[in-house]
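Structure, as structure tokens:
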Amino acid sequence: MNQVVITGTGLFTPEHAIDNDALVASFNAWVDAENAHHAEAIAAGEREPLAHSSSEFIVKASGIHSRYVLDAEGILDPSRMRPKLRERGNDEPSIQCEMGVKAAGEALEAAGVAAGDIDLVIVGCSNLERPYPAVAVELQAALGAGGYAFDMNVACSSATFAIETAANAIRAGSARRALVVNPEICSAHLNFRDRDSHFIFGDACTAIVLESDAVASAETRFEILGTRLVTRFSNAIRNNAGFLNRVTDADPRAVDKLFVQEGRRVFKEVCPMVAALITDHLASLELAGDDLSRLWLHQANRHMNDLIARRVLGHEPSEAQAPIILDRYANTSSAGSIIAFHLHRADLAAGDTGVICSFGAGYSAGSVVVRRA
Ligand code: CO8
């Protein structure tokens with residue numbers, strides 16, 4: 001079997017940032033307008049007034065201070081509260097393809113690989129702009145990559161599932177070089193009128209170049225020691241937008257066509273599942289928490305990451321051991337753990353070991369154990 005190495009990563013960060021205060025001001029303006037509109041029903045006790053959101057709550061409950069989005073104006077307009085993105089024509093690249101080109105360019109350059117030498121492109125993300133033609137095939141053409149391409153959809157775990165799929169293709173010899181791209185436009189599926197979740201997500205795109213060690217030329221490479229994936233069905237994180245909505249006559253504006261979750265339940269059920277996944281995966285590689293220099297965890301909630309890192313490492317994690325990027329990026333779904341890996345790996349020395357780990361809807365979780373060569 002071919003040994004697989006990660007030789008480059010890239011990150012596209014949208015130019016617009018929304019901090020908690022701006023997001024909360026827009027939310028509260030909408031709440032005030034709604035309550036004023038329904039003042040009579042509220043006074044008659046027929047309707048509960050809507051409650052304000054608060055920046056203090058958001059930071060305390062999640063660790064999120066700000067998020068990047070493709071469009072801030074539409075989100076912050078209390079009469080709209082969703083991004084305003086221009087529809088792309090059939091002859092234009094999709095928005096996800098444009099994001100992918102930017103992140104992939106950086107990853108290819110870091111790896112010292114020409115796009116034409118890529119044999120496999122996988123686009124893995126939570127939501128795809130259109131079912132077909134695939135965003136991955138479009139990206140393959142935009143980059144001038146060779147081989148074959150396809151889209152994958154495993155919510156927040158799309159990147160780790162795509163890494164294992166790409167690594168398996170390289171291990172088996174059906175590809176020598178693969179590109180995994182994660183264009184996440186979470187703001188388009190977020191209900192900015194839901195107090196419980198309006199602050200959770202941001203947009204970003206990451207890219208990873210994987211190669212057979214035999215053909216890699218980059219000086220800095222991370223050898224993949226092992227990959228492990230797990231899924232367990234849960235209804236606690238859901239999105240019911242789908243192609244059958246049209247034929248069941250479901251209201252496309254219904255709240256369940258956006259992101260919905262039972263946040264507390266997710267927290268309680270996912271943390272032990274992920275800690276067990278990493279610990280068991282490490283044990284199968286004859287490693288333990290003590291052997292890890294770094295945990296690049298999915299970035300959904302600071303407390304989740306602290307708890308998982310504590311269980312895996314056996315002690316309180318330092319900022320360097322389990323870096324947090326969700327304070328600036330919020331939850332960028334599958335891109336989160338890859339952003340952490342992209343921004344926080346340069347200081348590792350040869351022989352240092354770490355785990356890239358995702359977790360999210362499905363439930364789904366993935367562990368990728370890497371060692372700096
Ligand atoms: N402002 C002020 N107060 C608030 C707010 C607010 N915005 N929201 C809730 N409160 C109040 C509540 O009313 C409640 O008050 P009371 O105690 O009086 O009833 C109190 O705060 C506590 O509420 P919660 O129990 O809901 O708060 P938590 O402490 O549980 O924190 C979190 C909420 C942050 C959501 C937390 O539960 C969490 O992070 N859970 C895990 C979530 C998670 O990781 N989800 C992953 C989902 S992502 C995924 O897998 C795939 C998604 C694909 C992309 C989708 C694109 C959109």
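Whatever order the structure lists ligands and atoms in, that order sets their numbers, starting from 1. None of the values given here were measured: they were computed from a predicted structure. Heavy-atom basis, side chains included; hydrogens, waters and symmetry copies ignored. One-based numbering along the sequence shown.
One finds no salt bridge joining R372 and E223 here, because no Lys/Arg side-chain nitrogen approaches an Asp/Glu carboxylate oxygen to under 4.0 Å. A salt bridge links D213 to R221: at least one charged side-chain nitrogen sits closer than 4.0 Å to a carboxylate oxygen.
Distance remark: protein heavy atom present below 4.0 angstrom from atom 48 (S) of ligand 1.
Protein heavy atom at the shortest distance from atom 40 (N) of ligand 1 is G263 O, 3.0 Å. In terms of protein heavy-atom proximity, atom 45 (N) of ligand 1 is closest to Q261 OE1, 2.8 Å.
In terms of polar-atom proximity, I58 is not counted as a contact of ligand 1, lacking any N or O under 3.5 Å from an N or O of the ligand. Checked against a 3.5 angstrom limit, the closest N/O atoms of R264 and ligand 1 fall inside it. Among the atoms of S333, none of the N or O lies under 3.5 angstrom from an N or O of ligand 1.
Among G63, G360, C156, the residue whose heavy atom sits closest to atom 52 (C) of ligand 1 is C156. Relative to atom 33 (C) of ligand 1, the option among F27, F267, F57, Y363 with the closest non-hydrogen atom is F57.
Sorted pairs that involve residues 59-77 and meet salt bridge (Lys or Arg N to Asp or Glu O under 4.0 Å), not counting sequence neighbours, are lacking altogether.
Using a 3.5 Å distance cut-off with no hydrogens or angles, the side chains of T160 and S358 do pair a donor with an acceptor. Remark: the T332 side chain and the E184 side chain contain no N/O donor-acceptor pair separated by less than 3.5 Å.
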Hey, can you pull the donor-acceptor pairs under 3.5 Å for the side chains in residues 304-311, sequence neighbours left out?
unit_1: N305; atom_1: ND2; unit_2: H298; atom_2: O; d: 3.0
unit_1: R310; atom_1: NH1; unit_2: E316; atom_2: OE2; d: 3.2

